[in-house]
Amino acid sequence: MSKKVLISLHDVSPFHLKRIQKAERLLAQWGVTKISYLFIPDYHQNNLYLDEALLSGFNHWVRQKQENGGRAQIQVEWVLHGYFHLETGTKKKSKFLTAGEGEFLFLSPSDIDERVREGKRVFNDFFHCFPDMFVAPAWLFNEHLIPVLKKHRFCITEDHSFIYLLEKNKTLRVPVITWATRTPFRRYTSQVGCLLLSWWWGGRDLVRVAMHPFDFDHSSTIKSIEKVITDVLAKRKNILYNELQ
Ligand SMILES: [Zn+2]
C-alpha cells in the first residue's frame, strides 16, 4: 500500500475530554491505528488546566496512554495547537471568517514567541516532553510564525493546503478532508462534501483527515466520518506526521 493518510483530532483539551474519549472509541473500531492529537494549553482562556476535576480526568487519560505505550490500540502523536485557540485582538473581519479562532493571524513576532514559549511549558507539564509539531488554530497564521517555530526547533507545521517540514525547508501540498458542524446547513454540505473529496483526491499519494470534538455530537456527521475513514483506510497506510521526516 504506497498511498498514505494522516489522521488527526484537533482541539484536544480537558474541556472536550468526553467527546475525545467517544471519538477515540469509534476511531479504534473503524481501524485507525495512528493519530495526531492537537493539544490546546488553555482552551478559550478558561484556565481549564487549573480546574481540579477536569484536570485529573484529563491527566489520568494521558497517563493511561503513556503507560500502555506500544500496546495501546491507537498510537498517539501529541501536537501543540495554539495557546488559547481564541483571537484576543478585535479585528472584526477575521472574527467573522474564523469564528474568532484565528489566534495567530494578527499577533506580533514577540507575542507569537511568548505564546509558543508558554505553550511549550504547559505541554511539558502535561506530557513530560517538548512538542516538535505546531498547528495554528483554524490553520491561520501570519509570516512571523514560521521563523519563531524554527527558533524553538519545531520540525513540522501545516495550514489548510500545505505541510511544512521546517528543518528540511520543504513544503508538501497535501489536501485535507475536514467537517464543519457550526450550523445545520454547514453540517449537511460538509457531510456530502467530505465524501466527494475523499473520492476526488483518491489518486493523491498523501491526504489528511482532520476531525474536531464537536463533530462527535452529531450522528449524521459521525456516519460521514465513518464512511470516509473506512474507505480511506482500505486503500491507504495510516501514518503519523513524524514519519514524514
Ligand atoms: Zn482547532
Side-chain angles (χ1 to χ4, degrees), residues 6-24 27 32 35-49 54 58 61-62 76-89 91 94-107 111-112 115-116 118-120 122-123 126-127 131-142 145-146 148-149 154 156-164 174-183 186-187 190 193-194 207-218 221-222 225 228-229 240-241:
L6 294 158
I7 297 174
S8 62
L9 182 64
H10 287 223
D11 304 352
V12 170
S13 76
F15 178 80
H16 285 306
L17 181 59
K18 283 210 168 115
R19 292 187 178 94
I20 293 160
Q21 287 173 317
K22 178 179 179 184
E24 194 167 56
L27 293 168
V32 173
I35 193 162
S36 307
Y37 280 156
L38 276 60
F39 169 73
I40 306 169
D42 186 6
Y43 181 68
H44 285 191
Q45 292 181 306
N46 285 328
N47 276 324
L48 280 167
Y49 60 95
L54 281 172
F58 188 78
W61 176 71
V62 170
V76 174
E77 170 182 63
W78 298 97
V79 176
L80 182 59
H81 187 39
Y83 190 79
F84 296 124
H85 208 288
L86 189 70
E87 241 168 77
T88 46
K91 296 266 192 320
S94 133
K95 283 198 175 173
F96 174 74
L97 290 170
T98 70
E101 299 201 325
E103 182 183 7
F104 282 75
L105 202 49
F106 295 106
L107 292 179
D111 288 340
I112 291 174
R115 281 198 204 181
V116 168
E118 191 56 13
K120 281 171 68 181
V122 177
F123 187 102
F126 276 100
F127 307 112
D132 58 11
M133 177 169 170
F134 178 95
V135 177
W139 284 303
L140 293 169
F141 54 86
N142 62 31
L145 178 70
I146 285 185
V148 171
L149 293 180
F154 282 86
I156 305 181
T157 191
E158 65 173 13
D159 59 24
H160 196 272
S161 305
F162 300 99
I163 296 174
Y164 303 87
V174 185
V176 62
I177 300 166
T178 191
W179 289 260
T181 55
R182 225 174 283 147
T183 63
R186 281 182 181 219
R187 267 205 301 281
S190 87
C194 286
V207 296
R208 293 175 283 171
V209 176
M211 296 155 287
H212 294 81
F214 284 124
D215 296 347
F216 292 85
D217 285 352
H218 307 283
T221 304
I222 291 172
I225 295 174
V228 167
I229 295 257
L240 295 172
Y241 283 83

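Whatever order the structure lists them in is the order used to number ligands and atoms, beginning at 1. No hydrogens, no waters, no symmetry mates; every other heavy atom, side chains included, goes into these values.
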Check whether any side-chain heavy atom of Lys22 sits under 4.5 Å from a side-chain heavy atom of Ile222, and report yes or no.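 Yes; the side chains approach each other to less than 4.5 Å.
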Please determine which of Val79, Leu6, Val76 meets the side-chain contact (heavy atoms from CB on, under 4.5 Å) test together with Ser36.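 That would be Val79.
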For [Y] together with [X], are the ring centres under 6.0 Å from each other?
X      : Y      : answer
Phe104 : Phe134 : yes
Phe39  : Phe126 : yes
Trp139 : His10  : yes

Within-2.8 Å protein N/O/S contacts of the Zn ion (ligand 1):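 Atoms qualifying: Asp11 OD1, His81 NE2, His85 NE2.
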Check the pair Phe214, His16 against ring-ring contact (aromatic ring centres under 6.0 Å, His included), reporting the backbone distance first and the verdict last. CA-CA 8 Å; Phe214 284 124; His16 285 306; 4.9 Å; yes
